[in-house]
S.K.: 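Please find one structure pasted underneath; my questions will follow.
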Amino acid sequence: MTATTVDQVTTGRRTEFKQIPLSRVVRVELRKMFDTRSGFWLIASIAITGLIATIATIAFAPDADLTYYNFAKAIGYPITVILPMVALLSITSEWSQRSGLTTFTYVPSRRRVVWAKTLSSVTVAVASMGFAFAVGAVGNVVGSSIAGTPTVWDLSLGHALTIVLGNLVSLLIGTMLGMLLRSSAGGLVAYFVVVLLVPNLFGLLAASQEWFKHLQPWVDLGYAQTYLFQGMQTTAQWAHVASTVTLWIVVPGIFGLRRVMRSEVK
């Protein structure tokens, strides 16, 4: 963490230091995300891939698919993949780059540091989704004009909010793995296992085992998360999302936070 002004109050012969405001810690964590080349280009890739996805949709998608939802989906997919890595590296950098020696000196409460990192990651996520919806709107207008088709606005506010929630769930996967493993390389490997390998294994198991087919929505995070991106329809779908988020994010996240509190930065 960069140098920060620390307020102090002198009472008698003892000097007490005021706790650094959480808002200041969040601002510092946001700045740290852009300080390194890897962090800068990782976040910049969100804008780059969003523009590429928009151009590709206009160039290759059939005229019937030039709708606002399809543009937002094409732009949002790479964002869904990148955001968890941003959150993961924000936490693991304290150990892999040993910056935690400075961070935890300025802010001894590690819970506040993790909370600040989570808030800064959520800020980046919300800004990224705002960018995706804005670029998608421009792409929808331009694409329909080029194709000579009516401009279709088929994404409701409620559906847009569930898409943002789905991206925040993905982001929290990275936060959880960062706390649990505290290793950049190990965390990235585990992330791709969780989001790519595990859903495929669950899909094969559901296709071959009838008993697991009915259990899958309750334990498969990727399966339940699709409800958020496609639009929530029933109360049961919300229950499936809550169950899988608890199983894959909340429970291991609590265990990971305990490890963060006790681990030594070497």
Side-chain angles (χ1 to χ4, degrees), residues 1-8 16-36 38-39 42-43 46 79-80 82-130 161 164-184 186-188 190-191 194 221 228 241-242 244-266:
M1 184 175 291
T2 57
T4 307
T5 303
V6 179
D7 298 326
Q8 63 182 38
E16 296 181 358
F17 292 91
K18 290 183 178 180
Q19 192 176 55
I20 297 176
L22 181 62
S23 59
R24 189 183 304 172
V25 182
V26 172
R27 290 197 302 270
V28 172
E29 292 299 335
L30 277 171
R31 188 165 64 247
K32 287 167 64 176
M33 287 184 175
F34 295 87
D35 279 350
T36 63
S38 59
L42 188 61
I43 296 178
I46 293 176
I79 294 177
T80 304
I82 295 171
L83 284 177
M85 293 190 284
V86 173
L88 187 151
L89 294 176
S90 173
I91 294 177
T92 58
S93 62
E94 303 294 351
W95 281 265
S96 60
Q97 300 178 17
R98 301 182 66 188
S99 58
L101 295 171
T102 303
T103 300
F104 299 140
T105 299
Y106 279 108
V107 187
S109 174
R110 296 190 179 188
R111 283 192 180 90
R112 295 184 77 239
V113 173
V114 172
W115 181 233
K117 288 179 179 293
T118 303
L119 287 178
S120 60
S121 298
V122 169
T123 301
V124 172
V126 172
S128 299
M129 291 307 302
L161 291 176
V164 173
L165 182 59
N167 278 276
L168 293 179
V169 169
S170 295
L171 181 141
L172 290 176
I173 294 175
T175 301
M176 177 272 296
L177 290 173
M179 292 190 298
L180 195 62
L181 300 177
R182 302 180 314 284
S183 167
S184 298
L188 290 174
Y191 165 66
V194 170
L221 179 60
L228 294 170
V241 171
T244 53
V245 166
T246 301
L247 179 64
W248 285 94
I249 297 178
V250 176
V251 173
I254 293 173
F255 180 68
L257 181 59
R258 291 186 62 185
R259 298 194 65 183
V260 166
M261 298 298 295
R262 300 178 180 181
S263 63
E264 180 181 356
V265 182
K266 300 180 179 179

S.K.: Out of curiosity, Ser184 OG to Met85 CE, how far, rounded to the nearest 0.5 Å?
M.R.: 12.0 Å
S.K.: Could you walk me through whether Lys32 and Thr103 pass side chain to side chain donor-acceptor pair (under 3.5 Å), step by step?
M.R.: CA-CA 11 Å; Lys32 287 167 64 176; Thr103 300; 3.3 Å; yes
S.K.: With no hydrogens and no angle check, is any side-chain donor or acceptor of Ser121 less than 3.5 Å from a backbone partner on Lys117?
M.R.: yes
S.K.: Which heavy atom of Arg112 sits nearest to which heavy atom of Pro21, and what is that distance?
M.R.: NH2-C, 3.6 Å
S.K.: Where do Ala116 and Leu22 come nearest, in terms of heavy atoms and distance?
M.R.: CB-CD1, 4.0 Å
S.K.: Out of curiosity, Leu83 CG to Leu88 CG, how far, rounded to the nearest 0.5 Å?
M.R.: 12.5 Å
S.K.: Measure the spacing between CG of Asn167 and CD1 of Ile82 and express it to the nearest 0.5 Å.
M.R.: 11.0 Å
S.K.: As an exercise, state the distance from CZ of Arg27 to CZ of Arg31, rounded to the nearest 0.5 Å.
M.R.: 8.5 Å
S.K.: Of Val241, Ile173, Leu247, which meets side chain to side chain contact (heavy atoms under 4.5 Å, CB included) against Leu221?
M.R.: Ile173
S.K.: Taking all atoms of both residues into account, what is the closest heavy-atom pair of Met176 and Gly253, and its distance?
M.R.: CG-N, 3.6 Å
S.K.: Could you report the tightest heavy-atom contact between Val169 and Ile249, atom names first, then the distance?
M.R.: O-CD1, 3.6 Å
S.K.: Using 0.5 Å steps for rounding, measure from the CD1 atom of Ile79 to the OG atom of Ser128.
M.R.: 5.5 Å
S.K.: Are any of the side-chain heavy atoms of Arg111 and Met261 separated by less than 4.5 Å?
M.R.: yes
S.K.: Using the side chain to side chain contact (heavy atoms under 4.5 Å, CB included) rule, pick out the option among Val114, Thr175, Leu180 that qualifies with Leu257.
M.R.: Val114
S.K.: Grab the two heavy atoms, one from Leu181 and one from Gly186, that are nearest each other, plus how far apart they are.
M.R.: CD1-O, 3.6 Å
S.K.: Can you tell me how far apart CE (Met129) and CG (Leu171) are? Round to the nearest 0.5 Å.
M.R.: 11.5 Å
S.K.: Quick one: closest heavy-atom pair of Leu177 and Ala190, and the distance?
M.R.: CD1-C, 4.0 Å
